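Notes for the one structure printed next.
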Amino acid sequence: MAGRTARLSRLFSQTAALNGKPVLRLEEIEPRLMLSGVPTPVHAPPIVAQAITLSGASAVTGRTALLSMLGSDAAGESKLTYNWSVASAPAGGSASFSANGTNAAKHETVTFNEAGTYNLAVKIIDTNGLSVTTTKALTVLSTLTSVSITTSAHQTVSTAAPLHLSGTSQSLVAQGLDQFGKVMAAQPSFKWTVVTSPAGATAPGLNANGASAAVIFHSTGSYVLKAASATNANLSGSAALVVDPTATTVTVTPGTASLAQGATQQFSAKAYDQFHNLMATQPGFTWTATGGTVTAGGLFSAGKTAGNFLVTAKTGSVSASSTVTVQSGNTLGLQNAALANLVQGLDADGSISRNDILQILTS
């Protein structure tokens with residue numbers, strides 16, 4: 001038996017050498033297989049039976065995509081594993097995989113975070129560690145998904161985050177956002193509308209120019225405006241604006257007064273909003289005066305110096321003044337200074353009423 005094996009080995013080596021091929025040593029071949037004439041089986045790596053395909057489309061318009069592929073192997077496809085990876089991505093782009101590294105990953109849900117072109121690679125591995133790799137380029141299109149509205153200072157305005165205003169106008173800008181919530185490079189056209197206004201109020205003026213709109217209000221209250229895609233009204237954004245009554249002008253009564261030295265005069269103030277309407281809830285006022293003193297309630301007491309002076313009421317950054325003339329001496333010729341002051345004070349509005357006369361006589 002040993003002699004026969006040796007002869008066969010020499011014959012095999014000679015035959016291989018004559019064919020110009022590498023000599024395979026006999027001990028590398030299982031003797032029984034060699035003797036039976038059956039060659040030693042060599043395990044081959046898996047192959048790609050079905051290339052990567054995108055389900056239902058040629059490009060991705062959402063945030064996810066369903067990809068499928070199939071490998072083939074002598075040991076059976078069910079024993080293959082599929083490892084997905086990102087070969088290249090747009091700046092800032094990345095992708096995640098739902099069932100990576102398993103046999104189930106032959107049907108893979110990929111989630112993207114940015115529009116652009118991605119090159120995805122799949123490595124198919126068999127139980128012996130042999131593998132084959134295939135790639136596919138996918139384009140994720142930036143797709144209009146929502147509309148946001150901001151101020152010119154980039155402050156976001158929505159129904160959940162109303163913008164409070166103290167003026168009579170406001171500029172707004174609409175922006176189309178893609179499926180990743182990012183501003184689209186190519187913006188759609190927009191149509192602006194006023195959705196709601198305060199009951200009984202005149203609808204605001206709306207000067208729209210593409211993505212921009214200037215809103216002119218005529219009264220205080222709450223308003224809602226909408227900017228919708230001109231080609232798809234279902235894609236829109238809404239902005240809530242609250243125009244708060246804001247003190248814009250102040251009046252002081254009386255506007256002028258003439259007092260004797262040491263006499264007093266009660267002043268009052270009223271605030272009007274940005275639409276020139278008397279404010280239903282009056283703000284507090286700070287009183288100041290020259291030529292005398294004034295209380296927090298607006299009661300002015302003339303000093304001992306004659307001349308023209310001011311009594312001023314202020315709220316916020318808005319103020320108004322009344323001119324007070326403090327007269328020198330007793331211009332009425334009354335011997336009683338207190339009575340003279342009383343008469344002059346009552347006459348500050350330019351008239352003496354019946355009640356004023358009764359008060360003078362009582363004094």
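Given the structure is predicted, the values throughout are model-derived calculations rather than measurements.
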**Asked** Are V140 and L177 co-members of a hydrophobic cluster defined by side-chain heavy atoms under 4.5 Å apart?
**Response** no
**Message:** If we ignore hydrogens and angles and just use 3.5 Å, is the side chain of S322 paired with the main-chain N or O of G255 as donor and acceptor?
**Reply:** yes
**Prompt:** Do side-chain atoms of N100 reach the backbone of W84 as a donor and acceptor pair under 3.5 angstrom?
**Reply:** yes
**Prompt:** With T286, which residues qualify under side chain to side chain contact (heavy atoms under 4.5 Å, CB included), at least two apart?
**Reply:** none
**Residue pair I125 / S131: nearest heavy atoms and the distance that separates them** = CG1-CB, 3.9 Å
**Message:** Before you tell me yes or no, could you show the steps for T151 and Q170 under side-chain contact (heavy atoms from CB on, under 4.5 Å), namely the whole-Å CA-CA distance, both residues' side-chain angles and the distance that decides it to 0.1 Å?
**Reply:** CA-CA 8 Å; T151 66; Q170 179 62 49; 3.8 Å; yes
**For S222 against P198, the heavy-atom pair lying closest together** = O-CD, 3.3 Å
**Asked** Within a strict 4.5 Å, meaning less than it, do heavy atoms of the V252 and W287 side chains meet?
**Response** yes
**Message:** Is any side-chain heavy atom of L172 closer than 4.5 Å to one of L241?
**Reply:** yes
**Side-chain donor/acceptor of T248 to backbone N/O of T246, under 3.5 Å** = yes
**Request:** Answer whether the closest heavy-atom distance between the side chains of K270 and L278 falls below 4.5 Å.
**Result:** yes
**Request:** For side-chain contact (heavy atoms from CB on, under 4.5 Å), just list the numbers for S94 and E114, CA-CA rounded to whole Å, side-chain angles, deciding distance to a tenth of an Å, and then say yes or no.
**Result:** CA-CA 7 Å; S94 65; E114 189 91 36; over 6 Å; no
**Non-hydrogen side-chain atoms of S68 and Q50 separated by less than 4.5 Å** = yes
**Request:** Check for a donor-acceptor pair, side chain of W192 on one end and backbone N or O of G210 on the other, with a separation under 3.5 Å.
**Result:** yes
**Prompt:** So, does N119 use its side chain to make a donor-acceptor pair with the main chain of S88 at under 3.5 Å?
**Reply:** no
**Item:** Shortest non-hydrogen contact between I149 and G237, atoms and distance
**Value:** CD1-O, 3.3 Å
**Message:** Do Q265 and V324 have side chains that approach each other closer than 4.5 Å (heavy atoms only, starting at C-beta)?
**Reply:** no
**Message:** Show the nearest heavy-atom pair for residues T143 and Q179, with the distance to one decimal.
**Reply:** N-OE1, 2.9 Å
**Request:** Assign the ring pair F267 / F300 to parallel, tilted or perpendicular, where the plane angle (0 to 90°) is split at 30° and 60°.
**Result:** perpendicular
**Request:** For side-chain contact (heavy atoms from CB on, under 4.5 Å), just list the numbers for M69 and L67, CA-CA rounded to whole Å, side-chain angles, deciding distance to a tenth of an Å, and then say yes or no.
**Result:** CA-CA 7 Å; M69 71 164 306; L67 302 178; over 6 Å; no
**Prompt:** Judged by atom type as modelled, is there a donor-acceptor pair below 3.5 Å linking the side chain of T295 to the main-chain atoms of L299?
**Reply:** yes
**Prompt:** Would you say the side-chain atoms of T315 pair up with the backbone N or O of G284, donor to acceptor, closer than 3.5 Å?
**Reply:** yes
**Message:** So does E77 get a backbone contact from the side chain of N103, meaning a donor-acceptor N/O pair under 3.5 Å?
**Reply:** yes
**Request:** Could you please spell out the steps behind the side-chain contact (heavy atoms from CB on, under 4.5 Å) verdict for Y223 and V215?
**Result:** CA-CA 10 Å; Y223 300 81; V215 191; over 6 Å; no
**Item:** Close side-chain approach of Y82 and L70, heavy atoms under 4.5 Å
**Value:** yes
**Asked** Do you see a donor-acceptor pair shorter than 3.5 Å between the side chains of S98 and E108?
**Response** yes
**Asked** Closest approach of A99 and A105, non-hydrogen atoms and distance?
**Response** O-CB, 2.9 Å
**Asked** Is a donor on one side and an acceptor on the other found under 3.5 Å between the side chain of Y272 and the backbone of T251?
**Response** no
**Closest approach of V110 to A95 (non-hydrogen atoms, all atoms of both residues)** = CG1-CB, 3.8 Å
**Item:** Polar contact flag, side-chain donor to acceptor under 3.5 angstrom, Q274-S166
**Value:** no
**Request:** Check side chain to side chain contact (heavy atoms under 4.5 Å, CB included) between P46 and all other residues, then give those that pass, not counting sequence neighbours.
**Result:** D73, L80, I124, D126, L130, V132
**Prompt:** Just wondering, are more than 12 heavy atoms of other shown residues or ligands nearer than 6.0 Å to NZ in K106?
**Reply:** yes
